[in-house]
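Everything below concerns the one structure shown next.
For ligands, and for the atoms within them, numbers begin at 1 and follow the listed sequence. What you see is a predicted model; the values in this text were computed from it and never measured.
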Amino acid sequence: MSFDRYARNSMRATVLHAFHTPLRTEERPVPQPRGEEIVVRVKGTGVCHSDVHIADGEFQEVPLPRVLGHEIAGEAEGLGDVIVYAHWGCRRCSFCRSGQEQLCPEGVEAGWVRDGGYAEYLLVPSKRYLLSLEGLDPVHAAPLADAGVTPYRAIRRIRAWLQPGATAVLIGVGGLGQFAIQYLRDLTETRVNAVDRDPAKLRRARDLGASDAVLVEEAAGLGPESAQVVLDFVGSDSTLGLAAMLVRRAGIVVQVGIAGGTTPFGMGLLSPEVHFTSSVSGSLRDLQAVLELARKGGLDWHVESVPLEQVNLALDRVRRGDVLGRLVLVP
Ligand SMILES: [Zn+2]
Ligand SMILES: [Zn+2]
């Protein structure tokens, strides 16, 4: 296998130096692994809306300078093509021991607290965070690491509400929402109503199996208490308010999007016994399950590859909502 880490000592990386400023392309030393660490030669990294939120200063706790990017696939020495599980836990706490490293209080995530995949190489703490792609194309597969796994876990956690004949409303049919429709279609017998502000995404929702797809300004017409489940992939004040109106008594609202919204919670404000929860990424095992679904060929997701140097144009397009599926940066 040709692996050129040893032949080079510098790499291209695109780096966020200050919030609200464009990322800068620069040369950096290729990371050198120590102990259990392993280096991945990046082949593709998905551009997630979270990356825009970080660049726009909505997560001031992210230490700068930072290489963004948490949907990463590439090649690791001795392992071939892999996808990177980006939540690196302490491996001692109860969450880590139960295989939920994404919830580890001491966890670090690639592209947030550690440098991520908007570069030619990535340093990973252990090869246990690398899952073999076994034939999936790395550029196409990269979004599975977040856009694929996050809705998978969200839906797995609320199976009790997804009985045959139940209705699920899905707000936001972007990268994550498009996977969610397919999991609901393939893994449950629920009726799916999709909501978005973009008619092209509503067409896509119908193509993927949504029974109904409506513009967000018409979504109130779905009716109060009309859904056992509302999955909010936006998470703004207005989408959470919509979710609170649509959810049926004893139903559940799952906030997945991190637009920073809130909604009042309390007796009398909401239908009786409504549940609210958030859902954050997935476990290593969830990612493995998503890879298996992808290899079976039942999942359809749209990827447009973009050269790494065009990262700021890519972030702008995501900021504007001008992407049908996922942009993947290719070094
Ligand atoms: Zn993401
Ligand atoms: Zn832990």
| message | Under 4.0 Å between a side-chain nitrogen and a carboxylate oxygen: does that hold for Glu309 and Arg24? | response | no
List the steps and the verdict of side-chain hydrogen bond (donor to acceptor under 3.5 Å, both in side chains) for Glu225 and Ser271. CA-CA 8 Å; Glu225 290 208 44; Ser271 305; 3.2 Å; yes
Does the distance from a Lys or Arg side-chain N to an Asp or Glu carboxylate O, for Arg91 and Glu106, drop under 4.0 Å? no
Will you find, in the side chains of Ser10 and Glu27, an N or O donor that is under 3.5 Å from an N or O acceptor?
-> yes
Inset, instruction - State plainly whether the residues Arg204 and Asp207 are in salt-bridge range, i.e. N to O under 4.0 Å. - result: no
Only residue of Glu36, Glu101, Glu37 satisfying salt bridge (Lys or Arg N to Asp or Glu O under 4.0 Å) with Arg128 is Glu101
Within the 2.8 Å cut-off the protein N, O or S neighbours of the Zn ion (ligand 1) are Cys48 SG, His70 NE2, Asp146 OD2
- Query: Can a salt bridge be assigned to the pair Glu273 and Arg249 using a cut-off of 4.0 Å between side-chain N and carboxylate O?
  - Reply: no
- Message: Any non-hydrogen side-chain atom of Thr188 less than 4.5 Å from a side-chain atom of Tyr183?
- Response: no
The protein N, O or S atoms lying under 2.8 Å from the Zn ion (ligand 2) are Cys90 SG, Cys93 SG, Cys96 SG, Cys104 SG
In plain terms, say whether Glu26 and Arg12 are close enough for a salt bridge, that is, a side-chain N and a carboxylate O under 4.0 Å apart. no
